[in-house]
Amino acid sequence: PELELAVELSPDLSDAHYRLAQLYARMGNRDSARVSQQRFMDLNREEETAEEEGKRLGILMTDATKALERSDFATFHAAMAPLLERAPDDNQVRMLSIQGFLATGDYEAGLAATGALLAEFPDRWDPLFYQGIMLHRVGRLEEARDTMQRVLEINPLFEAAYSALGNILMALDDAEGAAEAYLAAVRLDRESPARYLNLATAYGKLGLTVLEAEAMAEYRRLLEKRQPSSTP
């Protein structure tokens with residue numbers, strides 16, 4: 001009875017059908033054993049097929065990700081085409097596609113893709129972040145600002161969003177707000193030269209020359225730190 005209940009509750013669990021077939025065989029119930037054994041074999045084939053398909057999709061995801069990292073867009077699109085055909089509703093695939101739209105400058109398609117994903121998952125900060133970046137790129141600055149602020153409401157420790165918000169605020173001629181955003185990014189990532197350069201730019205726009213010089217000094221120090229040693 002317990003095995004029959006398990007099969008009733010999880011009819012697609014191949015292992016339950018296998019054990020039930022063994023039980024029926026021991027009881028001498030050959031017809032029921034044969035039915036359960038056939039169901040086990042059918043499900044096992046489906047599971048093996050799904051596993052193989054998962055492996056193939058994983059390889060394509062890896063290929064597309066690496067191609068995007070090295071800006072090899074031909075290879076990226078070649079890998080993405082079967083991914084989008086086979087797994088159009090997979091959120092990892094959708095996010096990778098969005099990153100591709102951003103990297104290739106296809107902002108309208110990217111905004112449509114982020115909008116579709118956010119319609120299903122309105123509190124996901126990652127598509128919101130990319131949406132904010134692309135809104136900035138197409139000049140929709142107020143929307144970009146509001147979107148990036150929403151990202152930080154959801155994920156207040158995301159330093160890249162503070163930098164992106166700072167860039168948007170600079171474009172809106174709000175150097176004071178930009179300086180606050182850049183400073184928040186610096187506090188979360190003190191080893192990034194770019195964070196200090198952004199901060200120095202905002203301080204310069206505000207006429208805060210002492211703070212600008214301090215930020216620039218830290219920027220140069222971190223750059224030098226990253227330079228390979230010339231010592232033989």
Side-chain angles (χ1 to χ4, degrees), residues 12 46-47 49-172 174 177-178 181-182 184-185 188-189 192 194-195 198:
D12 294 330
E46 291 175 10
E47 289 169 2
T49 300
E51 184 178 352
E52 287 301 315
E53 178 67 3
K55 289 178 181 178
R56 285 193 290 269
L57 292 178
I59 291 170
L60 288 169
M61 281 287 290
T62 299
D63 289 346
T65 300
K66 290 182 176 179
L68 190 59
E69 288 173 354
R70 62 178 185 268
S71 299
D72 180 358
F73 299 127
T75 301
F76 172 75
H77 289 305
M80 285 303 301
L83 278 172
L84 290 168
E85 181 180 350
R86 297 180 191 177
D89 298 324
D90 185 288
N91 288 333
Q92 285 185 304
V93 172
R94 295 166 78 183
M95 280 303 305
L96 189 56
S97 177
I98 288 167
Q99 293 173 49
F101 289 134
L102 175 60
T104 57
D106 193 353
Y107 303 134
E108 293 304 328
L111 288 170
T114 55
L117 189 53
L118 289 166
E120 299 175 46
F121 307 98
D123 292 329
R124 277 196 62 160
W125 60 266
D126 42 348
L128 268 173
F129 174 72
Y130 288 110
Q131 185 181 70
I133 295 290
M134 287 186 276
L135 286 168
H136 182 192
R137 298 280 177 86
V138 299
R140 294 160 61 179
L141 299 179
E142 289 81 7
E143 293 175 76
R145 176 198 60 206
D146 295 345
T147 299
M148 208 58 69
Q149 287 173 339
R150 176 64 179 145
V151 171
L152 290 166
E153 288 174 6
I154 299 170
N155 186 357
L157 298 179
F158 186 27
E159 72 277 0
Y162 285 104
S163 287
L165 177 60
N167 295 340
I168 295 164
L169 292 173
M170 286 292 283
L172 285 166
D174 181 4
Y182 290 145
L188 289 168
D189 183 6
S192 170
R195 307 282 189 244
N198 287 337

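In this text the structure is predicted, and so the values were computed from the model without any measurement.
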Salt bridge or not between Arg137 and Glu108? Use side-chain N to carboxylate O under 4.0 Å. no
Within a reach of under 6.0 Å around CD of Glu120, are more than 12 heavy atoms found that belong to other residues, nucleotides or ligands? yes
Can you tell me how far CG of Leu111 sits from CD of Glu143, rounded to the nearest 0.5 angstrom? 9.0 Å
Please assess Tyr182 against Tyr162 for the test ring pair (Phe, Tyr, Trp, His ring centres under 6.0 Å), listing each intermediate value before the final yes or no. CA-CA 6 Å; Tyr182 290 145; Tyr162 285 104; over 10 Å; no
Is there a side-chain contact (heavy atoms from CB on, under 4.5 Å) between Arg94 and Leu84? Walk through the geometry before answering. CA-CA 8 Å; Arg94 295 166 78 183; Leu84 290 168; 5.6 Å; no
Give a yes or no on whether a salt bridge exists between Arg150 and Glu153, defined as a side-chain N under 4.0 angstrom from a carboxylate O. yes
Set out, in order, the CA-CA distance, both residues' side-chain angles and the distance that settles side-chain contact (heavy atoms from CB on, under 4.5 Å) for Leu96 and Thr65, then state yes or no. CA-CA 7 Å; Leu96 189 56; Thr65 300; 3.7 Å; yes
Test log, rule side-chain contact (heavy atoms from CB on, under 4.5 Å), inputs Glu159 and Arg195: CA-CA 9 Å; Glu159 72 277 0; Arg195 307 282 189 244; 3.4 Å; yes
Less than 4.5 Å apart, any side-chain heavy atom of Phe158 and any of Phe129? yes
Closest heavy-atom contact between Ala103 and Leu68? CB-CD1, 3.7 Å
Is the shortest heavy-atom distance from the side chain of Asp174 to the side chain of Arg145 under 4.5 Å? no
Side-chain (Ser192) to main-chain (Asp189) donor-acceptor, under 3.5 angstrom: no
How many angstroms lie between CD in Glu85 and CG in Leu60, if you round to the nearest 0.5 Å? 11.0 Å
Minimal heavy-atom distance between Leu83 and Ala64, with the atoms involved, is CD1-CB, 4.4 Å
Between Arg140 and Met134, does the side-chain contact (heavy atoms from CB on, under 4.5 Å) criterion hold? Intermediate values first, please. CA-CA 9 Å; Arg140 294 160 61 179; Met134 287 186 276; over 6 Å; no
Distance (rounded to the nearest 0.5 Å) between Leu117 CG and Gln131 CD: 10.0 Å
Within a strict 4.5 Å, meaning less than it, do heavy atoms of the Asn167 and Asn198 side chains meet? yes
Closest heavy-atom pair and its distance - His136, Ala171: NE2-CB, 3.9 Å
So Asp72 and Phe76, do their side chains get closer than 4.5 Å, heavy atoms only? no
Testing the basics here: between Ala113 and Ile98, what is the closest heavy-atom pair and its distance to 0.1 Å? CB-CG1, 3.7 Å
Between Ser97 (side chain) and Val93 (backbone), is there a donor-acceptor pair under 3.5 Å? no
The single option from Leu135, Ile168, Leu165 passing side-chain contact (heavy atoms from CB on, under 4.5 Å) against Thr147: Leu135
Give me the atom names and distance for the closest heavy-atom approach of Met148 to Ala164. CE-CB, 3.7 Å
Closest non-hydrogen atom pair, Trp125 against Asn155: CE2-ND2, 3.4 Å
